[in-house]
Protein chains: 2
Amino acid sequence: MSTRPRSTRPSVGITEVARHAGVSPGTVSNVLNRPERVAEATRARVEAAIAELDYVRNSSGSSLRSGRSGSVGLLVLDVTNPFFTEVARGVEDEAAGAGLAVVLLNSAEAQDRQRRNVRLLAEQRAAGAVVMPVDDDLSDLLWLSHQGTSWVALDRGDVAEDVGCSVSVDNHAGGLAAGRHLIGLGHERVTFLTGPFAIEQVRRRHQGLLDAFTESGMDPGAHVRVVEQPLLNPQQGERAVDAVLAGGPRQRPQAVFCANDQLALGLMKGLGRRGLRVPDDISVVGYDNVDLADLVHPGLTTVAQPKYDLGRAAMRLLRSELDDPGHRHERVLFTPELVVRGSTAAYRS
Amino acid sequence: MSTRPRSTRPSVGITEVARHAGVSPGTVSNVLNRPERVAEATRARVEAAIAELDYVRNSSGSSLRSGRSGSVGLLVLDVTNPFFTEVARGVEDEAAGAGLAVVLLNSAEAQDRQRRNVRLLAEQRAAGAVVMPVDDDLSDLLWLSHQGTSWVALDRGDVAEDVGCSVSVDNHAGGLAAGRHLIGLGHERVTFLTGPFAIEQVRRRHQGLLDAFTESGMDPGAHVRVVEQPLLNPQQGERAVDAVLAGGPRQRPQAVFCANDQLALGLMKGLGRRGLRVPDDISVVGYDNVDLADLVHPGLTTVAQPKYDLGRAAMRLLRSELDDPGHRHERVLFTPELVVRGSTAAYRS
DNA sequence: CACCCGGATTGAAACGTGTCAACAACCATC
DNA sequence: GATGGTTGTTGACACGTTTCAATCCGGGTG
């Protein structure tokens with residue numbers, strides 16, 4: 001233990017640099033922001049002074065003056081979920097190219113935390129934000145636009161184009177692909193294991209699954225059951241095993257389509273505990289294709305989303321919105337892809 | 001597509017609120033920051049004005065004036081790694097109690113990105129930071145202290161107490177526990193599969209493993225081999241399978257101790273591909289106890305770290321450093337715990 | 001030689017907030 | 001009714017940056 005020296009912050013500012021270089025503060029500002037406007041010789045002098053004094057720019061000052069800060073927020077539904085962290089990588093890489101700083105804010109799937117974070121962005125006068133909305137309520141985002149912070153919605157295809165940009169993956173197509181795959185394998189009793197239906201993505205995936213049955217001439221109502229859990233994590237997946245198997249062997253589903261991989265992985269564990277074998281006794285399909293879907297045994301059949309590209313595209317759109325005065329809101333839609341691994345197999349009665 | 005309205009930012013500030021409430025700007029500031037100093041009636045009046053004008057505080061202004069911003073940085077080695085995201089949760093929860101905003105910055109295990117992020121924190125005059133250093137080089141952190149931003153190092157027990165606080169888990173003890181466990185099961189040829197030795201944690205875990213052999217009267221040099229990969233992710237683990245198995249069945253290790261769970265999970269997959277069964281043919285031990293260690297089959301025996309508590313403790317220390325003028329740097333050390341699951345078994349010749 | 005031109009630099013004014021010494025109003029006490 | 005103390009409010013200023021109109025300078029032109 002030792003006392004802290006509480007190092008005396010010299011707080012060297014632009015003015016002190018100016019004095020040291022024998023130049024006016026305005027010139028220093030120009031060196032920093034529009035170097036081409038200042039003569040070679042003076043620029044060198046100023047840069048020397050900056051180095052010597054170990055000057056570090058005060059972003060409060062500049063954003064106060066300019067009314068906007070140079071950082072963008074990335075509002076993520078859940079830092080713990082590998083899907084989002086992969087998206088985050090894409091956003092960061094694209095932002096780095098534009099010299100924008102990314103601050104990652106975590107909503108923890110909670111409405112009130114999202115609201116707090118949105119408020120924070122407004123207080124910081126953030127240049128923009130990439131947001132994965134917690135639920136259908138877009139009022140937070142509208143308020144944010146009204147405060148002058150532009151945003152791009154991620155994975156929310158239903159955002160009208162006169163409201164804002166959006167980048168998303170076709171969730172209906174994903175559900176459809178999963179459904180067709182299972183039907184093609186001969187499964188007729190399928191359970192959809194999901195998080196809250198308040199989440200739009202979940203509803204679309206569900207609808208895709210239903211439509212796969214319809215297009216095969218089967219009544220979805222008779223073939224698809226739903227088990228809804230409060231959160232989309234592995235623990236909930238494991239816990240759901242009772243509900244999934246309810247009704248005894250007769251009623252037991254032949255396959256389970258999960259709203260994300262986390263649920264699917266948890267469910268697989270729960271099934272293993274019950275002595276049920278995947279895919280022999282029951283097939284499982286996930287959604288997202290997280291890294292670990294490929295590491296478990298059997299490998300998890302899942303609907304792959306272009307996570308990294310999703311992030312990049314969102315940030316690219318945001319950059320356009322910030323830089324291009326003639327920008328028009330855009331809607332970008334990716335198509336997911338089914339990745340077949342060992343967790344699904346043909347139904348054997 | 002539609003043009004963006006570019007809503008006219010009215011930019012209502014503290015002064016306008018003051019005018020609207022028939023009060024001076026100073027009073028509004030007091031209402032915001034030291035409500036107890038202002039009379040009930042005027043406070044109500046001011047608050048009404050704030051609500052009516054939809055005033056939102058400008059944090060640039062306040063941090064410019066005060067010299068410090070109210071947010072703390074969390075510098076993470078890799079957002080993609082579940083270990084860090086769990087720590088992040090702990091940090092966030094503890095910060096929320098103090099009204100501090102947490103911004104998550106990602107170093108992506110790269111020195112230059114860490115440096116960029118540290119610089120960013122300095123420019124924003126962040127109040128403090130919780131940092132997981134990329135490597136042994138602490139110069140970035142020292143510079144940060146010198147700029148007046150205090151920090152707490154995470155998982156780096158070697159930070160001297162006259163330099164800064166640190167919270168870490170006893171990595172040597174973890175390696176020792178893993179080693180004892182394997183030796184107790186009769187394993188005598190163990191491979192340590194790891195990321196770069198530049199990472200201090202890795203070195204300590206390794207040393208713990210070696211010491212387990214020593215204390216059993218065996219020469220570590222004869223019993224422990226090392227396979228080093230450039231990164232600590234599942235892909236690297238899978239790729240490492242060749243190196244781990246090199247030398248043919250005779251030389252093949254009886255057990256592998258991995259520097260983290262990501263490597264271990266990847267390795268297990270690679271072994272499966274080669275037709276080797278865990279734990280029958282080879283035992284595997286991981287480190288961290290991420291959620292998914294419990295979800296794979298067989299479950300991964302691993303050294304559990306109190307991830308969430310680690311984050312909380314770090315943030316608590318940082319709060320003390322920020323609030324308490326008599327603060328002395330502290331070193332907090334957690335002890336890890338071995339969690340035995342199905343991936344390890346007694347050696348059968 | 002007066003004039004002008006264009007590029008480089010300057011200086012002052014703002015941005016929104018927090019601080020603090022000074023002041024006003026009120027109350028209790030003598 | 002004067003004194004002193006308490007409580008609430010004020011107003012001016014400083015913080016570091018950016019912006020922009022004004023100024024300076026050196027050289028080319030008429």
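Below, all heavy atoms of this structure are taken into account, side chains as well, without hydrogens, waters or symmetry copies. All figures in this text were calculated on a predicted structure; none of them were measured in a lab. Note on naming: letters A, B, ... go to the chains in the order of the sequence lines (proteins, then strands), and numbering restarts at 1 for each one.
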Starting at CD of B:Glu40 and ending at P of D:dT7, how long is that distance when rounded to a whole Å? 16 Å
Categorize B:Thr42 for me: base, sugar-phosphate, or nothing, with a 4.0 angstrom heavy-atom threshold over every strand shown. sugar-phosphate
Under 4.0 angstrom, heavy atoms only, what part of the nucleic acid is B:Ser66 near: base, sugar-phosphate, or nothing? nothing
Check every atom of D:dT9, D:dT18, C:dT17 against the side chain of B:Ala39 and return the nucleotide holding the closest atom. D:dT9
In whole Å, I'd like the distance from the CZ atom of A:Arg125 to the C1' atom of C:dT17. 11 Å
Side-chain (A:Ser66) to main-chain (A:Ser62) donor-acceptor, under 3.5 angstrom: yes
Among residues at least two apart in sequence or on other chains, which ones pass salt bridge (charged side-chain N to carboxylate O under 4.0 Å, His left out) with A:Arg43? A:Glu40
Is any side-chain heavy atom of A:Glu92 closer than 4.5 Å to one of A:Met315? no
Mind calculating the distance between CZ (A:Arg68) and C1' (D:dT17) to the nearest angstrom? 17 Å
Let's go through A:Phe334 and A:Asp155 carefully: what are the C-alpha distance in whole Å and the side-chain angles of both, what is the deciding distance for side-chain contact (heavy atoms from CB on, under 4.5 Å) to 0.1 Å, and is it a yes or a no? CA-CA 10 Å; A:Phe334 286 90; A:Asp155 219 13; over 6 Å; no
Residue pair B:Arg43/B:Gly61 against DNA chain D: nearer the 5' end by closest nucleotide is B:Arg43
Measure CZ/B:Arg57 against C1'/C:dT17 and give the value in whole Å, please. 9 Å
Would you kindly give the CD1-to-P distance between B:Ile50 and C:dT17, to the nearest whole Å? 10 Å
Using whole Å, report how far CZ of B:Arg65 lies from P of C:dC15. 18 Å
Side-chain N,O (B:Thr15) to OP1/OP2 (C:dG16) below 4.0 Å: no
If you check every side-chain atom of B:Asn58, which of C:dG18, D:dT9, C:dT17 has the closest atom? C:dT17
Within the structure shown, what part of the strands sits under 4.0 Å from A:Val23 by heavy-atom distance: base, sugar-phosphate, or nothing? sugar-phosphate
Any side-chain N or O of B:Ser29 below 4.0 angstrom from OP1/OP2 of C:dT17? no
Find the distance A:Asn30:CG to C:dG11:C1' and express it as a whole number of Å. 13 Å
Pick the closest DNA chain C nucleotide for B:Arg37 and for B:Leu64 by heavy atoms, then say which residue is nearer the 5' end. B:Leu64
On the nucleotide D:dT19, are OP1 or OP2 found under 4.0 Å from the side-chain N or O atoms that A:Arg34 carries? yes
A:Glu16 CD to D:dG16 C1': how many Å, rounded? 12 Å
If we ignore hydrogens and angles and just use 3.5 Å, is the side chain of B:Ser59 paired with the main-chain N or O of A:Glu123 as donor and acceptor? yes
